[in-house]
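Beneath this line is the structure, given in structure tokens, with notes to follow.
The figures that follow rest on heavy atoms only: side chains count, while hydrogens, waters and symmetry mates do not.
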Amino acid sequence: MIEYIKGELTELTPALAVVETAGVGYALNISLNTYTAIQGQRDVRLYVHEALVTGGRDDSFTLYGFANKQERELYRLLITVSGVGANTARMILSSASPNELCGAIANGDERMLKGVKGIGLKTAQRIIVDLKDKIVSLGIATEIPAAGAHQPAVNQSVRDEAVSALTMLGFSPAPSAKVVTAILQEQPDMPVEQVVKLALKQIK
């Protein structure tokens, strides 16, 4: 079982990080929180969750990477909830910080959870009921810091990266591009992780 991967960050998008160690490049699916935490770094350590799916036509082995153990633990709790799959859990963690998510669960904030694509009222209620006590005992105290001053980027580059991230999260390219373009037209200097986070709330 892989606990973490430490090495050189050779590729990074809001949805994927490639970490090279001992000559091997590991592709890890990440959330926007982790993207923000490791952006601009050369050497990183990502805590790993392994997902092995067997029994279908094609077996799959996927690695998920997290900037800290708290976010990984929260991810693992989310995927124990009926109706919350691996991709949905990552989308939830891309829509809110761990502290914001824990606060929503602890306070029974169904509206916040329903704002995530793919989460209906019943699933939101199930997350709250199943995880409320566990979140309290987990004791996530440190919120992953928000992004600092973003590096200047060409708007087209930000647009392409945001659309690519949304596509990797399971959205169709056309509606993703439409929403991302509209966001950048209103706020042309918005960093890509914020564009994706806002788009997640707007895509139908």
Between Ser94 and Arg90, is there a donor-acceptor pair closer than 3.5 Å when you use the side chain of the first and the backbone of the second? yes
Quick one, Leu101 and Leu113 - any side-chain contact, counting heavy atoms below 4.5 Å? yes
So do the side chains of Glu193 and Gln39 get within less than 4.5 Å of each other, counting heavy atoms only? yes
Let me see the working for Leu12 and Ile30 under side-chain contact (heavy atoms from CB on, under 4.5 Å), right down to the final yes or no. CA-CA 10 Å; Leu12 180 66; Ile30 61 173; 3.7 Å; yes
Gap separating the CD1 atom of Ile79 from the CG atom of Asn87, nearest 0.5 angstrom: 12.0 Å
What is the minimum heavy-atom distance between Lys132 and Ala106, and which atoms define it? CE-O, 3.0 Å
Are Tyr47 and Val44 co-members of a hydrophobic cluster defined by side-chain heavy atoms under 4.5 Å apart? no
Closest non-hydrogen atom pair, Lys197 against Leu32: N-CD1, 3.5 Å
Any donor-acceptor N/O pair, Thr80 side chain to Leu77 backbone, under 3.5 Å: yes
Ala162 and Val192 have their tightest heavy-atom pair at N-CG2, 3.7 Å
So do the side chains of Lys117 and Leu200 get within less than 4.5 Å of each other, counting heavy atoms only? no
If you compare all heavy atoms of Tyr26 against all heavy atoms of Leu63, which two are closest, and at what distance to 0.1 Å? CD2-CD1, 4.0 Å
How far apart are the C-alpha atoms of Lys134 and Glu73, what are their side-chain angles, what is the distance that settles it, and do they pass the salt bridge (charged side-chain N to carboxylate O under 4.0 Å, His left out) test? CA-CA 10 Å; Lys134 295 178 182 178; Glu73 186 62 29; over 6 Å; no
Check for me, please, whether Met190 and Val180 land in the same ILVMFWY cluster - side-chain distances under 4.5 Å, paths through other members count. yes
Do the side chains of Leu28 and Val18 join up, straight or via other hydrophobic residues, at under 4.5 Å, putting them in one cluster? no
Could you tell me whether the side chain of Ser95 and the main chain of Met91 form a donor-acceptor pair under 3.5 Å? yes
I'd like to know if the side chain of Glu50 and the backbone of Met1 have a donor-acceptor N/O pair within less than 3.5 Å. no
Glu71 and Tyr75 side chains, donor-acceptor separation under 3.5 Å: no
Would you say that Phe66 contacts Leu93 through its side chain, given a criterion of any heavy-atom pair below 4.5 Å between the two side chains? yes
Checking the side chain of Ser172 only, and the main-chain atoms of Pro175 only, is there a donor and an acceptor separated by less than 3.5 Å? no
For the backbone of Lys6 and the side chain of Asp43, can you confirm whether one donor and one acceptor N or O come within less than 3.5 Å of each other? no
I need the minimum non-hydrogen distance between Gly83 and Thr123, along with the two atoms involved. O-CG2, 4.3 Å
Hydrophobic cluster identity match, Val19 and Leu16, side-chain contacts under 4.5 Å: no
Glu3 side chain reached by Arg45 side chain, heavy atoms, under 4.5 Å: no
So which atom in Asn33 and which in Pro98 form the shortest heavy-atom distance, rounded to 0.1 Å? ND2-CD, 3.8 Å
If we only count heavy atoms from C-beta on, is the Ile92 to Ile127 side-chain gap below 4.5 Å? yes
Given the rule that I, L, V, M, F, W and Y join up when any side-chain heavy atoms are under 4.5 Å apart, are Met168 and Leu9 in one cluster? no
Separation between OG1 (Thr13) and CG (Asp160), nearest 0.5 Å, reads 12.5 Å
Kindly check if the number of other-residue, nucleotide or ligand heavy atoms within 6.0 Å of CD (Glu186) is above 12? no
Glu100 side-chain N/O to Ser97 backbone N/O, donor-acceptor pair under 3.5 Å: yes
Quick one: does any side-chain atom of Asn107 pair with a main-chain N or O of Asp109 as donor and acceptor, under 3.5 Å? no
Between the side chain of Arg72 and the main-chain N/O of Val48, is any donor-acceptor distance below 3.5 Å? yes
